[in-house]
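Let me begin by presenting the structure, written as structure tokens, before commenting on it.
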Amino acid sequence: MNHLPLIIKREYLTKVKNKSFIIMTFLSPIIFITLIAVVAYLSQLNNDKIRVISILDESGIVKNVFKNTDHTSYNILDNNMALEDAIALVQETEGYGLLHVKNIPQEKISSSNFTFYSEDSPSLTLMSDLESEIQSELTLQNRIKENIDEEKLKATRVSINIGQESFDGEKTSKVDSVVKLIFGCAAGYLLFMFIIIYGNMIMRSVIEEKTSRIIEVIISSVKPVQLMLGKIIGTSLAGITQLVIWIILGGVLMTITSIILGIDISEMQTPQQQIMEQAMENSEVNLQIQNAFTAFLNLPLFNLIIAFILFFISGYLLYSSLYAAIGAAVDNETDTQQFMLPIILPLILAVYIGIFTVIEDPHGTVSTVFSFIPLTSPVVMLMRIPFGVPIWQQVLSLLILVGSFMSTVWFASKIYRVGILMYGKKPSYKELMKWIKY
Amino acid sequence: MNNLLEVNNVSKYFGDFKALNDVSITIPRGSIFGLLGPNGAGKTTLIRVINQITMPDSGSVSLDGEPLHQNHVMDIGYLPEERGLYKSMKVGEQAIYLAQLKGLSKTEAKKRLKYWFERLEIGDWWNKKIQELSKGMAQKIQFVVTVLHEPKLLIFDEPFSGFDPINANLIKDEILRLRENGATVIFSTHRMESVEELCDDIALINKSNKILDGKLVDVKRQYKINTYEVGIRAKNQSILEKDLSERFSISKANFKTLEDELKLNIKLKQGEKPNELLSYLTSKGEVSHFVELIPSVNDIFIQAVKNN
């Protein structure tokens, strides 16, 4: 008689009906979105403030350079004013700061002639804005003086983007790589999080069955392996449910908050984005955005989705059976620490290899080797696949993974079978090996 | 088939530790079978082997003439000594789940549970969580879950622990009633008075070996010490006592009587008949008390374990 569906159903319903699970499911997106909204709101507030910057230009070179913008207004001071008086004035009027330019002829101008005085250290964006304005103005004036025709100069400028093409004739680009990277990292990271959160949940549920002493009643009706698989599958389904609710709820909340607060969260104005936006006007960047989109379409999507599902499931099952075995081996959660390290370590290793090595060299020795080693392969392989991994490698890695998953389930179920009936003492690794032989 | 369960030469090792050594027992159909033994003797291991929780290293177990297989879990109801229920699950839901694991359909489980809950007057617990109930209450539910699928073989490991005398009695009556309805019961306990009261057959396991088994009356007969408890009134009790000590081996007995009289335990030698003793005694004085001493299960237990 197959009890698996029954066990899965119970595990799923208990998890889903659990109060803290429900609270976490609905509270997490709310907290997350609130946090984003608060940050967005605050940075908007910050942006609404107009900075007044006073300019004391003794040389008279740059005083006409600055134009008022939405966030910044310039106050040109009389160039006969003493520096001390100017600073006092700015302090008095609570201006943002004072740019002082020494009185020197244009030929001898250098960085040491410019100083910005302010209460605290000024914002980086503001400084780079000021610098670039002064630079371009002075460059322009120098060119005029040397009789260099600005139009001709522009016409002679050449911009080069080296085209990338694989030996198979597949076109790639830098943007391509970034898109691939984002995809790989997202997939790998999702698996990592899923394993940590729901693996722990499985472990706790095994421990709970042990401490409530119901386990002997249950396994007089069902085989321990069935119970273990039922637990793993039921908990994973609950996890998927939670994830889906998070995504939907997150999306809905995001829309609602942005409507209510009138903040376009997706276009939050951070300084970096401001720079990006300015750069966007450049047609080159526009082209890159287009490239990114085509790069996305050019990704081996079908391969990616299939590989994601297969590697995700087998990788997750591999780890969760280990978690279940740990749960069976100990009496309470505090005793789990000693056994957690061998699980967490390869997982973290996989993510680091993914982030540092795969980006640099997706098909190098390190990346390739670790995409075959079972405990790291699901994460590393998922990160490599967007860069185009030969099918035979994917299949081989998957076979190794499934093989080791099956032997882990066998091994875990041995520990599970013995461990769930052992109470009282924390087992050593040596004892665990003995259990396997029972 | 007269025997419901036959355990043949079962051995089980845990590493170097021998938990069961060539143990064979047969359990007659319709009996209440007492499985006795000191702590750590191997009783629980044997019960787990019968429940297919632990696989024996050698030997075999057959239920109803068939070697044990997975479907036999439907024919066995097991109340382990280490028992519990899911703390945060509701009583009714939980009972239905456990019954379904034993192969009952949901509606059938519900129907039978209603009957049992009414019978044990626990109907209003249906929607409570286990953590809201007392230990004794949870025990009652566990008992119901164990017997709900009407198994041929019921295994109770210390079924009365945690019950007050009234509830213990209630459960005892239920066990007897289940036996009347055709179930066979294996009963493991350290409470010898309930073995005395309930069991038809017993087996005693000590240090992984079975050292004794059979019908309770046969076992008692085997451990009979041919001793009679005697109360007798005579004119001169000390002379009578001296006379008796020359013919039989005697010792002081201790039982309550209304009159002052000579109270003795008299052990007969091999071949001597109780009637000979009785006629001798009647010739010496007035016999007010003459009872054969039957060894209690408690005595047998202690003696058998010591001799082993």
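Here is the naming used below: chain letters follow the sequence lines, and residue numbers restart at 1 for every chain.
- For a residue to count as touching a neighbouring chain, one of its non-hydrogen atoms must lie under 4.5 Å from one of that chain's; by this rule B/Q142 does not touch chain A.
- Between chain A and the residues B/S88, B/G77, B/P80, the most heavy-atom pairs under 4.5 angstrom are made by B/P80.
- Remark: the backbone N or O of B/K12 is not paired with any side-chain donor or acceptor of B/K18 at under 3.5 angstrom.
- Counting only N and O atoms by type, the side chains of A/Y12 and A/T241 include a donor and acceptor under 3.5 Å apart.
- Shown here is A/F21, whose CZ atom has more than 12 heavy atoms of other residues, nucleotides or ligands within 6.0 Å.
- Comparing B/I53, B/I155, B/T54 by how many heavy-atom pairs each has under 4.5 Å with chain A, the most go to B/I53.
- The backbone N or O of A/E216 lies less than 3.5 Å from no partner atom in the side chain of B/E82, so there is not a single donor-acceptor pair.
- Note: B/F33 and B/F187 fail the aromatic proximity criterion, with ring centroids not under 6.0 Å apart.
- Considering only heavy-atom pairs separated by less than 4.5 Å from chain B, the leading option among A/K223, A/K9, A/E208 is A/K223.
- Of the two parts of A/L13, neither the backbone nor the side chain holds a non-hydrogen atom closer than 4.5 Å to a non-hydrogen atom of chain B.
- Within the 4.5 angstrom heavy-atom criterion, no atom of B/Q131 approaches chain A.
- Taking the six-membered ring where the residue is Trp, the centroids of B/W125 and B/F117 are separated by 6.0 Å or more.
- Options A/I219, A/L6, A/N18 differ in how many heavy-atom pairs under 4.5 Å they form with chain B, and the most are formed by A/L6.
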